[in-house]
Asks: 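I have a structure I would like to understand better, so I am pasting it below and will then ask my questions one at a time.
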Amino acid sequence: MRKTALLVENLSVKMGNKPILEDVSFEVKEGEFWGIIGPNGGGKTTLLRAILGIVKPSKGRVEIFGNHPEKAVAEGLVGYLPQRIEGMVPFTARDFVELVGGDGNKFLKLVGMSEKADTPFEKLSGGERQRVMFAAVLSRKPKLLLLDEPHTGVDIIAQDSFYSILKELKEKGITILMVSHDVGVIVNFVDKIACLNKKLKYTGNPRGALDCKLLEELYGTKMEVFVHHPECEGCHIYRRS
Amino acid sequence: MPHIPSFIVAPFLCALVIAVTLSLYSFIVVVKRWAFLSVGVSHAAFGGVALGFLLGIPVGVSASAFALAAAFLMGHMKSKGNIHEDVATGVIFSVFMALGVVLFSIREGYISDVFSYLFGSMLAVGWREVFVALTLSALSIGFLLAFKRDIFLMLVDPEMAYVMGVPVRRTYNLLLALFTLNVVVAIKLIGVILVSALTVVPASVAIFFFSKLKHIMLLSVTVGVLAVMAGMITSYITDLPPGATTALTAGALFFGALLISKR
Ligand SMILES: Nc1ncnc2c1ncn2[C@@H]1O[C@H](COP(=O)(O)OP(=O)(O)OP(=O)(O)O)[C@@H](O)[C@H]1O
Ligand SMILES: [Mg+2]
């Protein structure tokens with residue numbers, strides 16, 4: 001039996017009186033790669049923040065390798081790539097990675113950003129910033145990796161190399177949870193998929209989430225709307241051609 | 001070599017110490033977008049200055065208390081009350097400053113003191129002030145050096161910093177407190193109105209030219225020291241308040257640097 005990397009049990013989160021997550025439960029085994037999909041405002045980012053202990057649940061609990069989230073974070077078990085960052089960063093990409101404590105050259109090379117190592121982070125494009133942040137996160141060698149839409153704005157080539165990095169990490173036994181809107185792509189990579197819209201609408205085999213739909217139609221069309229599971233009303237995936 | 005009167009040695013030394021420390025913290029002000037907060041903190045201290053005069057307690061103590069109270073109200077309203085930092089700052093600093101005006105009006109005859117606290121005064125600074133500035137400066141720079149990683153990661157993104165093992169709340173509070181105290185220490189020399197020139201200009205200028213962290217910090221300090229020293233010398237020669245001359249030299253450096261860097 002493989003170890004449980006992440007256990008989420010009856011998790012509910014409220015903001016004020018507004019329920020954001022309701023009774024979410026799932027279990028991720030060590031070395032698994034999960035994709036989390038769902039509509040805007042469906043609570044995906046909130047789920048990651050609750051797993052990390054940044055937002056306190058109103059009900060339920062989270063365990064990371066058997067630890068309370070804060071303990072797991074303090075022990076450096078978890079890596080988190082946020083959807084966007086708050087501050088202004090006028091210093092270089094290399095400074096960024098080295099501040100975190102990693103080898104700037106090594107990890108920027110890994111994400112294909114060696115050439116931009118001396119560019120101020122602020123002057124990088126959205127996709128390039130994501131890659132630098134990813135390098136910083138990887139330099140901490142986390143065992144559980146939470147990624148919030150890591151390839152918004154990352155081009156196809158970068159996306160390919162991004163997935164090959166994830167594949168390598170997975171082979172090393174790293175557990176990965178990735179929020180994405182790119183359902184057509186992630187189903188080819190992940191072991192399990194979770195569809196979230198306040199409640200957990202579907203978990204399991206990624207193909208299962210797409211059964212009734214035609215994946216091919218996701219590509220090449222201008223704008224397609226898909227409901228990828230019969231019980232998952234409102235859980236649309238948009239893809240621009 | 002011209003004769004240097006001994007009474008200006010202390011103010012010049014104090015100015016140098018303040019310039020170095022505030023220039024280093026100026027990077028944090030720029031990145032964390034604390035420019036308005038730093039204006040708010042110094043103005044709020046004015047309420048404390050007035051209270052100190054009225055009650056006959058050391059002005060530095062009451063000014064620090066007011067400034068710290070204001071800084072923590074401004075810095076935490078966002079997380080507690082969901083009120084944005086700039087809105088909180090706008091409200092709090094006007095209230096604290098107004099309090100100072102009311103307190104000063106209760107007792108008349110302080111006009112020259114009021115003026116010197118608003119725009120700074122070289123004569124207000126003696127060896128005691130130098131000692132306080134040096135001690136605080138050592139603490140503040142020591143904190144920056146010892147907790148460099150924690151501080152910069154927190155500036156980039158508090159949530160990401162937390163996940164990277166940074167004690168975010170403690171780091172933020174210490175940084176806010178040390179910054180506030182440094183602003184208060186600068187008030188006697190520079191005055192409450194104009195101290196923000198020193199908290200904003202140095203790093204802004206450095207960022208025009210450099211992107212390596214080390215270089216940004218070095219140029220920041222150079223700019224801050226240049227601005228303050230030129231301001232002090234001008235003030236000494238012309239008898240204008242040092243706050244005004246320093247803010248003008250800092251402004252000149254800022255616009256000069258802007259022109260050169262855009263060419
Ligand atoms: N700090 C907050 N205060 C109040 N409401 C919040 C807060 N953060 C999130 N919410 C609400 O929680 C809901 C879920 O937000 P969340 O960011 O988790 O969605 P998401 O699935 O990540 O969306 P997206 O695809 O746009 O990233 C939204 O309706 C949002 O308005
Ligand atoms: Mg989100």
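Any value given below was found using the heavy atoms of this structure, including those in side chains, with hydrogens, waters and symmetry copies removed.
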Asks: Are any non-hydrogen side-chain atoms of A:V137 and B:M164 less than 4.5 angstrom apart?
Replies: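 Answer yes - side chains close enough.
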
Asks: Measure distances from A:F121 to the heavy atoms of chain B and classify the residue's part below 4.5 Å as side chain, backbone, both or neither.
Replies: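 Looking at A:F121, nothing touches chain B.
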
Asks: Would you say that more than 12 heavy atoms from the other residues, nucleotides or ligands in this model lie under 6.0 Å from the NZ of A:K116, or not?
Replies: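 12 or below, so no.
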
Asks: Sub-3.5 Å donor-acceptor pair from the side chain of B:Y162 to the main-chain atoms of A:V73, do we have one?
Replies: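 Looks like no, no N/O pair under 3.5 Å.
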
Asks: Tell me, for A:E75 versus chain B, whether the close heavy atoms (under 4.5 Å) come from the side chain, the backbone, both or neither.
Replies: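 Interface part for A:E75: neither.
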
Asks: Within a 6.0 Å radius of atom NZ on A:K199, are there more than 12 heavy atoms belonging to other residues, nucleotides or ligands?
Replies: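 At most 12 heavy atoms, drawn from other residues, nucleotides or ligands, come within 6.0 Å of this atom.
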
Asks: Is there a side-chain contact between A:L52 and B:E159, using heavy atoms and a 4.5 Å cut-off?
Replies: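 A side-chain contact under 4.5 Å is absent here.
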
Asks: Counting heavy atoms not belonging to B:F72, are there more than 12 under 6.0 Å from its CZ?
Replies: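 More than 12 heavy atoms, drawn from other residues, nucleotides or ligands, come within 6.0 Å of this atom.
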
Asks: Which bit of B:V30 comes within less than 4.5 Å of chain A, counting heavy atoms only: side chain, backbone, both or neither?
Replies: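 Interface part for B:V30: both.
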
Asks: Please check if atom NZ in A:K56 has more than 12 non-hydrogen atoms from other residues, nucleotides or ligands closer than 6.0 Å.
Replies: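 Atom NZ in A:K56 is crowded, with more than 12 foreign heavy atoms closer than 6.0 Å.
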
Asks: If I take atom CE from residue A:M133 and atom CG from residue B:D157, how far apart are they, to the nearest 0.5 angstrom?
Replies: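 Between atom CE of A:M133 and atom CG of B:D157 there are 7.0 Å.
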
Asks: Heavy-atom distance under 4.5 Å to chain B: side chain of A:R49, backbone, both or neither?
Replies: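 For A:R49, side-chain heavy atoms alone lie under 4.5 Å from chain B.
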
Asks: Under 4.5 Å heavy-atom distance to chain B, tell me which part of A:P90 shows up: side chain, backbone, both or neither.
Replies: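 Both parts, backbone and side chain.
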
Asks: Taking the six-membered ring for Trp, are B:F27 and A:F91 parallel (under 30°), tilted (30 to 60°) or perpendicular (over 60°)?
Replies: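 Rings of B:F27 and A:F91: tilted, 30 to 60°.
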
Asks: Would you call A:D118-B:K212 a salt bridge at under 4.0 Å N-O?
Replies: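 A salt bridge links A:D118 with B:K212.
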
Asks: Between B:M160 and A:P82, what is the shortest heavy-atom contact and its length?
Replies: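 Heavy atoms only, the tightest pair is SD-CD, 3.8 Å.
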
Asks: If you look at every heavy atom in B:V163 and A:R140, which pair is closest and at what distance?
Replies: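 Looking at all heavy atoms of both residues, the closest pair is O-NH2, 3.6 Å.
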
Asks: Of the backbone (N, CA, C, O) and the side chain (C-beta and beyond), which part of B:L153 lies under 4.5 Å from a heavy atom of chain A, both, or neither?
Replies: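 Only the side chain of B:L153 comes within 4.5 Å of chain A.
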
Asks: Test your reading of the model: is there a side-chain donor-acceptor pair from B:R149 to the backbone of A:G101, 3.5 Å cut-off?
Replies: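 No, B:R149 side chain to A:G101 backbone: no donor-acceptor pair under 3.5 Å.
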
Asks: How long is the straight-line distance from CD of A:E122 back to OG of B:S211, given to the nearest 0.5 Å?
Replies: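 Interatomic distance, B:S211 OG to A:E122 CD, rounded to 0.5 Å: 11.0 Å.
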
Asks: For A:K14, does the NZ atom have more than 12 heavy-atom neighbours from other residues, nucleotides or ligands under 6.0 Å away?
Replies: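 Result for NZ/A:K14: open.
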
Asks: Mind listing the closest non-hydrogen atom pair of A:I85 and B:V156 along with its distance?
Replies: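 Smallest heavy-atom distance, with atoms named: CD1-CG1, 3.7 Å.
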
Asks: Please check if atom NZ in A:K59 has more than 12 non-hydrogen atoms from other residues, nucleotides or ligands closer than 6.0 Å.
Replies: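 Yes - once you tally the heavy atoms of other residues, nucleotides and ligands closer than 6.0 Å, there are more than 12.
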
Asks: If we define contacts as heavy-atom pairs under 4.5 Å, which of A:D95, A:L81, A:L146, A:V78 has the most with chain B?
Replies: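 The candidate making the most pairs under 4.5 Å is A:D95.
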
Asks: Would you mind checking which part of B:P167 comes under 4.5 Å of any heavy atom in chain A, side chain (CB onward), backbone (N, CA, C, O), both or neither?
Replies: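 For B:P167, there is no contact with chain A at all, as no heavy atom is under 4.5 Å.
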
